[in-house]
Amino acid sequence: MMTMHSKTSFHAGHSLWADARERLMRNRAAVASLVFLLLMGLACFVLPLFPCIANPNATDLGNIAADCSWEHPFGTDQLGRDLLARVLYGGRISLLVGLVATGVALVIGLIYGLISGYAGGRVDALMMRAVDVLFALPFIVLVIVFSLSIEEPSRQLTQWMVESLHLPRETVAPILGLVPLFIAIGALGWLTLARIVRTQTMEIKSQEYVLAARSLGLGHLSILLRHIAPNLLGTVVVYTTLAVPGIILTESTLSFIGLGVKAPNSSWGTLIKEGADRMEVTPELLIFPSLFFCLTLLALNFLGDGLRDALDPRSAKD
């Protein structure tokens, strides 16, 4: 008598993040964009550390507007400065502004939206009317006014660090000179995120597990941090990826009109401005920084679309 032995196969379960990672890996445009951004970050932050990259502010009046060569792969500008070095250092500043300002906007918008959506009622109405008022004001004008208002405190802080802490001015000044720009863009770029977080919070707080946590006597802060905020992570990640290009574009716009990064330092915006002024004589001054700038923004948008489709399959185009 033969006995049949049946084998039961068990499949390991997949978490939400594992499924999202698989969907993201199937998106070739998003993966290619992620690889490109990693390479761009390495090029801007690591490559200038090697001696093969020249000082971006070192002038050579005997080598003005030189053509591309082995010594200067992108040529030189109107002051004889190496264009490759200036593009890499400019990318470092543009990416830092995008990341830091987005981080500031992320913290403010997340806290504001969580409180507004969870509190509801008159508190929610009052907080959203404040957001509506800020939305009605011209964003660029607000950034300019706010940036100029905190420029003097930043200069005084730089002077104090140089005199009291005996730090080299050439190291401290460029970094602290960007602080007004970081704060101005980040402190005014949280409005859209606050609305998104508020809407998601209002939807999540009516779910069964939140009601169960409230019935068990958990405090409001515990419910916000342990049950609502973690479920907003996917939305926040997608928004952050899509917000970085907009903030980099804002910084470039301010630098283009002379209100962003101060000379002799450069960002992609200032380099594009310099190239636009001399595009008929030396077009490479405009072509190379514009190419780096456009490809980075395109990659960030592709990555943001890929993350959105991966974390929320219902929003996928296909």
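Predicted model, so just to flag it, every value in this text is computed and none were measured.
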For Gly113 and Val197, work out which heavy atoms get closest and say how close. C-CG1, 3.7 Å
Pairs in or reaching into residues 86-108: which pass side-chain hydrogen bond (donor to acceptor under 3.5 Å, both in side chains), with residues at least two apart or in two chains? Asn57-Arg86, Ser94-Glu251
Going by the side-chain hydrogen bond (donor to acceptor under 3.5 Å, both in side chains) test, which pairs reach into residues 62-77, not counting sequence neighbours? Asn63-His72, His72-Asp82, Asp77-Arg81
Walk me through it: do Phe292 and Ile272 pass the test side-chain contact (heavy atoms from CB on, under 4.5 Å)? CA-CA 11 Å; Phe292 274 63; Ile272 292 173; over 6 Å; no
Walk me through it: do Ile223 and Arg214 pass the test side-chain contact (heavy atoms from CB on, under 4.5 Å)? CA-CA 7 Å; Ile223 292 175; Arg214 189 178 294 120; 4.0 Å; yes
Arg26 meets the side chain to side chain contact (heavy atoms under 4.5 Å, CB included) criterion, sequence neighbours left out, with Glu22, Arg23
Side chain to side chain contact (heavy atoms under 4.5 Å, CB included) involving Ala43 - partner list, sequence neighbours excluded: Leu88
Distance-minimising heavy-atom pair for Trp268 and Cys44: CZ2-SG, 4.4 Å
Which heavy-atom pair separates Gly98 from Ile247 by the least distance, and what is that distance? CA-CG2, 3.9 Å
Between Ala229 and Leu114, what is the shortest heavy-atom contact and its length? CB-CD1, 4.4 Å
Side-chain heavy atoms of Ile248 within contact of Val244, under 4.5 Å: yes
If you group Ile, Leu, Val, Met, Phe, Trp and Tyr whenever their side-chain heavy atoms sit less than 4.5 Å apart, what else falls in with Leu211? none
For residues Trp190 and Gly109, report the shortest heavy-atom separation together with the two atoms involved. CB-N, 3.6 Å
Atom pair CG/OG1 of Leu232 and Thr201 - distance to nearest 0.5 Å: 4.5 Å
By the rule that ILVMFWY residues connect when side-chain heavy atoms come within less than 4.5 angstrom, directly or transitively, which residues belong alongside Leu221? Leu225
Sorted by chain and residue number, the side chain to side chain contact (heavy atoms under 4.5 Å, CB included) partners of Leu106 (sequence neighbours excluded) come out as Leu193, Val236, Thr240
Gap between atom CD of Gln78 and atom CG of Asp277 - 0.5 Å precision: 8.5 Å
Please identify each residue that fulfils side chain to side chain contact (heavy atoms under 4.5 Å, CB included) with Met279, with sequence neighbours left out. Leu286
Main-chain N/O of Ile287 paired with Ser290 side-chain donor or acceptor, under 3.5 Å: no
Applying side-chain hydrogen bond (donor to acceptor under 3.5 Å, both in side chains) as the test, list every pair that has at least one member in residues 106-119; sequence neighbours left out. Ser116-Asp124, Tyr118-His220
Hydrophobic cluster identity match, Phe50 and Phe74, side-chain contacts under 4.5 Å: yes
Check the pair Ile111 / Val107 against side-chain contact (heavy atoms from CB on, under 4.5 Å), numbers first and verdict last. CA-CA 6 Å; Ile111 295 174; Val107 172; 3.9 Å; yes
Is Phe135 linked to Leu126 within one hydrophobic cluster, defined over Ile, Leu, Val, Met, Phe, Trp and Tyr using a side-chain heavy-atom separation of less than 4.5 Å? no
Are Val46 and Val87 linked, directly or through intermediate hydrophobic residues, by side-chain heavy-atom contacts shorter than 4.5 Å (ILVMFWY only)? yes
Applying side-chain hydrogen bond (donor to acceptor under 3.5 Å, both in side chains), name anything that partners Arg28, two or more places apart in sequence or on another chain. none
From Leu291 atom CG to Cys294 atom SG, the distance as rounded to the nearest 0.5 Å: 7.5 Å
Compare every heavy atom of Ser266 with every heavy atom of Ile93, then report the nearest pair and how far apart it is. CD1-O, 3.1 Å
As an exercise, state the distance from CG of Leu34 to CG of Leu39, rounded to the nearest 0.5 Å. 9.5 Å
Under a single-linkage rule joining Ile, Leu, Val, Met, Phe, Trp and Tyr whose side-chain heavy atoms are separated by less than 4.5 Å, which residues share a cluster with Leu298? Phe302
By salt bridge (charged side-chain N to carboxylate O under 4.0 Å, His left out), Asp132 pairs with (sequence neighbours left out) Arg129, Arg195
Straight-line distance of Ile228 CD1 to Lys205 NZ, nearest 0.5 Å: 8.0 Å
Within this structure, what is the CG-CZ distance for the pair Leu300 and Phe36, rounded to the nearest 0.5 Å? 9.0 Å
